[in-house]
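Read through the structure below, which is laid out as structure tokens, and then see the notes.
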Amino acid sequence: MIAYPAMLDVPRELVRHLGRLLATERRARGTRTGTRALTCFYQALLVLVWFRKAEDVALLGAGFGASRATAYRYRDEGVAVLAAQAQDLHTALRRVAADG
């Protein structure tokens, strides 16, 4: 396989924000420093590339230097961290109703 540089059309601050959420999750899990294949920033970037480009996870992981299993795990962790930030359905419906 040949790796190549590419651009992602998301703000750097979004990658940093997700990276901070992932770092908080890693601390909560008790993950030791230096034991992961990617930093929180690059894990966040992997997740956002997957959302934005719908890349094959195995190929995406290879581009980041991570195994297939690690790429899937990192993607799933990122999705879970983002999902935890979302409002539940009832709260969202109440807010929409209040806004008219």
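Since the structure is predicted, the reported quantities are computational estimates derived from the model, not experimental observations.
One finds the NE2 atom of H17 at 10.5 Å from the CG atom of L48 (value rounded to the nearest 0.5 Å).
Judged as a side-chain contact (heavy atoms from CB on, under 4.5 Å), and not counting sequence neighbours, the contacts of F51 are V47, V79, L82. Scanning for salt bridge (Lys or Arg N to Asp or Glu O under 4.0 Å) contacts around R52 gives D9, with sequence neighbours left out. With sequence neighbours excluded, the residues that form a side-chain contact (heavy atoms from CB on, under 4.5 Å) with D56 are A58, L59. Take E25 and apply the side-chain contact (heavy atoms from CB on, under 4.5 Å) test, not counting sequence neighbours, and it matches R29, V81. For the side-chain contact (heavy atoms from CB on, under 4.5 Å) test, residues two or more places apart in sequence or in another chain that qualify with E13 are R16, R20. S67 meets the side chain to side chain donor-acceptor pair (under 3.5 Å) test with T70; sequence neighbours excluded. Residues forming a side chain to side chain donor-acceptor pair (under 3.5 Å) with R36 (at least two apart in sequence, or on another chain): E77. For T24, the side chain to side chain donor-acceptor pair (under 3.5 Å) criterion is met by R27, not counting sequence neighbours. Here R73 pairs with nothing under the side chain to side chain donor-acceptor pair (under 3.5 Å) rule; sequence neighbours left out.
Taking every heavy atom of both residues into account, V15 and L45 meet most closely at CG1-N, 4.0 Å. Across all their heavy atoms, G19 and C40 have their closest contact at O-CB, 3.4 Å. For the pair F64 and Y42, the tightest heavy-atom approach, listed with the atom from each and the gap, is CE2-O, 3.7 Å. The heavy-atom pair separating L46 from A71 by the smallest distance is CD2-O, 4.1 Å. The two residues Y74 and L38 have their closest heavy-atom pair at OH-N, 3.4 Å.
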Pairs under 3.5 angstrom only: tabulate donor-acceptor contacts from the side chains of residues 89-100 to other protein residues two or more places apart or in another chain.
from, atom 1, to, atom 2, distance (Å)
T91, OG1, D88, OD1, 2.4
R95, NH1, Q87, OE1, 3.4

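Screening residues 57-69 for salt bridge (charged side-chain N to carboxylate O under 4.0 Å, His left out), with sequence neighbours left out, gives no hits.
Other residues sharing a hydrophobic cluster with M7 under the 4.5 Å side-chain heavy-atom criterion for ILVMFWY residues do not exist; the residue is a singleton.
More than 12 heavy-atom neighbours from other residues, nucleotides or ligands sit within 6.0 angstrom of CZ on F41.
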